[in-house]
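Below is one structure, written out as structure tokens; the observations come after it.
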Amino acid sequence: MSSCLKPTRTVLLAVGSFNPPTNMHMRIFELAKDFLQKNDHEVLGGIISPVHDQYAKKGLVSASQRCSMVKLAIETSNWINISEWETQQEGWSRTAETLRFHKTALNDIHSEYEWAKQIHAKMPDKESPLNINLKLLCGADLIESFAVPGLWKDEDIQDIVCNYGLIVISRSGSNPQLFIYESDLLTRLQRNISIVPEWIPNEISSTKIRRALRREESVRYLISDSVINYIQSNHLYTS
Ligand SMILES: Nc1ncnc2c1ncn2[C@@H]1O[C@H](COP(=O)(O)OP(=O)(O)OP(=O)(O)O)[C@@H](O)[C@H]1O
Ligand SMILES: NC(=O)c1ccc[n+]([C@@H]2O[C@H](COP(=O)(O)O)[C@@H](O)[C@H]2O)c1
Ligand SMILES: [Zn+2]
């Protein structure tokens, strides 16, 4: 660490369908971690939070199957965790609620959640208060969805950006700088939004993976072999 300041303890949370999890889902965590560590953050961990079944997006396989695949995908990571909390609620959770719950649990040293325990284990001195920051990690398409009428409450956008902060990874077809410029609200809050460019762009998306699988085309080296085996054994994403 180049600075003498005490680094900010930070955890990254990504929400989404993960239908199925791809190598890019893992990669956005690595990109964000590199960026934050160069900017005086100590990144204690990452959390993947798959969405509830009631999100009911076309082609969404069950939460239990998506969680199983995420568990396989994160096997090769020593810092990315899964939280099944969203999938265990009565219905769909707004992302602001998901962030609130996870930040509270992360700052409770006695939290019984496995992801919280894993992250606490990375902290040598666990003096109270823990002061763990939680940031929302997303691709540029997610921030652009803020403009879809009726999809996000303005007060939630304000809460997410002000009280947590956003790390946005560039994605082909999106222009997050222009999007922020065109929004008065986001321009006002932009000091809490970091845009991290992916200089080795990769256009993997779950939609393209599902399409390839439907067509019985190979998805090797785009998603992990263990996830491929799971998809094949469970006959997922066939036509
Ligand atoms: N190639 C990518 N580059 C940057 N961000 C990505 C990429 N793929 C996924 N993400 C981000 O990961 C998070 C979870 O994404 P999600 O589960 O919707 O995956 P997806 O590939 O966008 O799937 P789908 O095509 O089904 O929408 C979102 O914030 C999304 O923007
Ligand atoms: N108002 C909100 O909080 C809100 C609106 C739309 C999507 N989301 C979340 O963003 C994610 C989007 O995922 P997909 O890109 O797979 O649709 C999901 O986790 C969903 O819960 C949140
Ligand atoms: Zn998506």
Side-chain angles (χ1 to χ4, degrees), residues 12-33 35 46-61 63 65-67 69-70 73-74 80 82-89 91-102 135-161 163-164 166-176 179 185 193-214 219 221-223 227 231 236-237:
L12 294 161
L13 179 114
V15 297
S17 304
F18 305 98
N19 182 40
T22 72
N23 290 352
M24 272 314 286
H25 287 130
M26 304 297 290
R27 178 107 193 103
I28 61 173
F29 278 94
E30 297 290 329
L31 288 160
K33 187 183 188 198
F35 170 84
I47 304 172
I48 292 181
S49 178
V51 76
H52 194 277
D53 281 333
Q54 276 182 21
Y55 189 54
K57 209 172 156 180
K58 187 168 176 280
L60 195 65
V61 303
Q65 290 170 323
R66 288 179 288 114
C67 288
M69 290 189 281
V70 169
I74 61 176
I80 303 173
I82 181 172
S83 164
E84 298 181 67
W85 179 82
E86 272 196 70
T87 68
Q88 291 160 349
Q89 303 312 295
W92 174 69
S93 306
R94 295 183 352 261
T95 299
E97 298 170 316
T98 302
L99 283 163
R100 191 175 320 120
F101 165 76
H102 285 83
K135 285 185 180 288
L136 181 64
L137 167 65
C138 66
D141 58 307
L142 190 133
I143 182 175
E144 290 185 355
S145 81
F146 286 180
V148 176
L151 196 57
W152 298 80
K153 294 183 183 185
D154 274 0
E155 71 214 52
D156 279 5
I157 297 176
Q158 173 124 2
D159 179 31
I160 291 169
V161 183
N163 299 325
Y164 303 89
L166 265 185
I167 306 287
V168 183
I169 309 293
S170 66
R171 198 169 183 182
S172 74
S174 299
N175 186 341
F179 184 75
L185 177 62
I193 308 176
S194 304
I195 298 176
V196 180
E198 166 57 297
W199 294 117
I200 314 170
N202 197 317
E203 296 176 26
I204 303 175
S205 74
S206 298
T207 301
K208 288 180 180 164
I209 299 294
R210 293 194 300 276
R211 183 180 296 143
L213 289 164
R214 224 170 30 239
V219 291
Y221 312 115
L222 299 174
I223 67 175
V227 174
I231 290 171
L236 303 182
Y237 310 117

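It should be emphasised that the depicted structure is a prediction, and the values quoted were computed from it without experimental measurement. Indexing begins at 1, ligand by ligand and atom by atom, following the structure's order.
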Problem set entry | Under-4.0 Å heavy-atom contact with ligand 1, by part of Lys208 that carries it | neither

Exercise. Near Thr207, which atoms of ligand 1 are under 4.0 Å from a heavy atom of that residue?
Worked result: 24 (P), 25 (O), 26 (O)

Problem set entry | Carboxylate-amine/guanidinium proximity below 4.0 Å for Arg100 and Asp156 | no

Exercise. For ligand 1, which atoms sit closer than 4.0 Å to a heavy atom of Asp141?
Worked result: 30 (C), 31 (O)

Exercise. Taking non-hydrogen atoms only, is Ile204 closer than 4.0 angstrom to ligand 1 via side chain, backbone, both or neither?
Worked result: backbone

Exercise. Nearest heavy-atom pair of Arg210 and Asn19: which atoms, and what distance?
Worked result: NH1-O, 2.7 Å

For this session: Give the atoms of ligand 1, by number and element, whose distance to some non-hydrogen atom of Cys138 is under 4.0 Å.
Result: 29 (O)

Exercise. Can you tell me if Lys57 has a non-hydrogen atom under 4.0 Å from ligand 1?
Worked result: yes

Exercise. Taking the side chain as C-beta and beyond, is there a heavy-atom pair between Ile231 and Pro20 under 4.5 Å?
Worked result: yes

For this session: Would you mind checking which non-hydrogen protein atom is closest to atom 23 (O) of ligand 1, with the distance to 0.1 Å?
Result: Ser206 CB, 3.3 Å

Exercise. Out of Leu142, Ile169, Val15, who gets a non-hydrogen atom closest to atom 13 (C) of ligand 1?
Worked result: Val15

N/O contact list for ligand 2, threshold under 3.5 Å:
| residue | atom | partner | partner atom | Å |
| --- | --- | --- | --- | --- |
| ligand 2 | 1 (N) | Leu151 | O | 2.9 |
| ligand 2 | 3 (O) | Thr95 | N | 2.8 |
| ligand 2 | 16 (O) | Ser17 | N | 3.3 |
| ligand 2 | 16 (O) | Ser17 | OG | 2.5 |
| ligand 2 | 16 (O) | Lys57 | NZ | 3.2 |
| ligand 2 | 17 (O) | Tyr55 | OH | 2.8 |
| ligand 2 | 17 (O) | Lys57 | NZ | 2.9 |
| ligand 2 | 19 (O) | Gly16 | N | 3.0 |
| ligand 2 | 21 (O) | Trp92 | NE1 | 2.8 |

Seminar exercise, completed: One finds that the ligand 1 atoms under 4.0 Å from a non-hydrogen atom of Arg210 are 26 (O)

For this session: Report, in ascending order of atom number, the atoms of ligand 1 lying under 4.0 Å from any heavy atom of Asn202.
Result: 1 (N)

For this session: Just need the protein heavy atom nearest to atom 17 (O) of ligand 1, so name the residue and atom and give the distance.
Result: Phe18 N, 2.9 Å

Exercise. Nearest 0.5 Å, what's the CD1-CD1 distance between Ile28 and Ile48?
Worked result: 8.0 Å

Exercise. Which protein heavy atom lies closest to atom 28 (C) of ligand 1, and at what distance to 0.1 Å?
Worked result: Gly139 N, 3.9 Å

Problem set entry | Residues His102 and Ser49: side-chain donor-acceptor under 3.5 angstrom | no

Exercise. Should Tyr221 and Asn23 count as side-chain neighbours, where that means a heavy-atom distance under 4.5 Å?
Worked result: no

Problem set entry | Heavy-atom check, side chain of Leu222 versus side chain of Lys208, under 4.5 Å | no

For this session: Run the contact test for Ser17 against ligand 1 with a 4.0 Å cut-off on heavy atoms, strictly below, and give the result.
Result: yes

Exercise. Say you draw a straight line from CZ of Phe29 to CG of Leu13; how long is it, rounded to the nearest 0.5 Å?
Worked result: 7.0 Å

For this session: Please examine the side chains of Trp152 and Ile157, heavy atoms only from C-beta on, and report whether any two atoms are closer than 4.5 Å.
Result: yes

Exercise. OG1/Thr87 to CZ/Arg66 distance, rounded to the nearest 0.5 angstrom?
Worked result: 8.0 Å

Exercise. Quick check: does any side chain N or O of Thr22 sit under 3.5 Å from a backbone N or O of Met24, one acting as donor and the other as acceptor?
Worked result: yes

Problem set entry | Minimum-distance pair of heavy atoms, taken over all atoms of Leu31 and Pro197 | CD2-O, 4.5 Å

For this session: Identify, with sequence neighbours excluded, every residue that meets ring pair (Phe, Tyr, Trp, His ring centres under 6.0 Å) alongside His25.
Result: Phe18

Exercise. Starting from atom 16 (P) of ligand 1, which protein heavy atom do you reach first, and at what distance in Å?
Worked result: His25 NE2, 3.5 Å

Problem set entry | The one among Glu144, Lys58, Arg171 that brings a heavy atom closest to atom 22 (O) of ligand 1 | Arg171

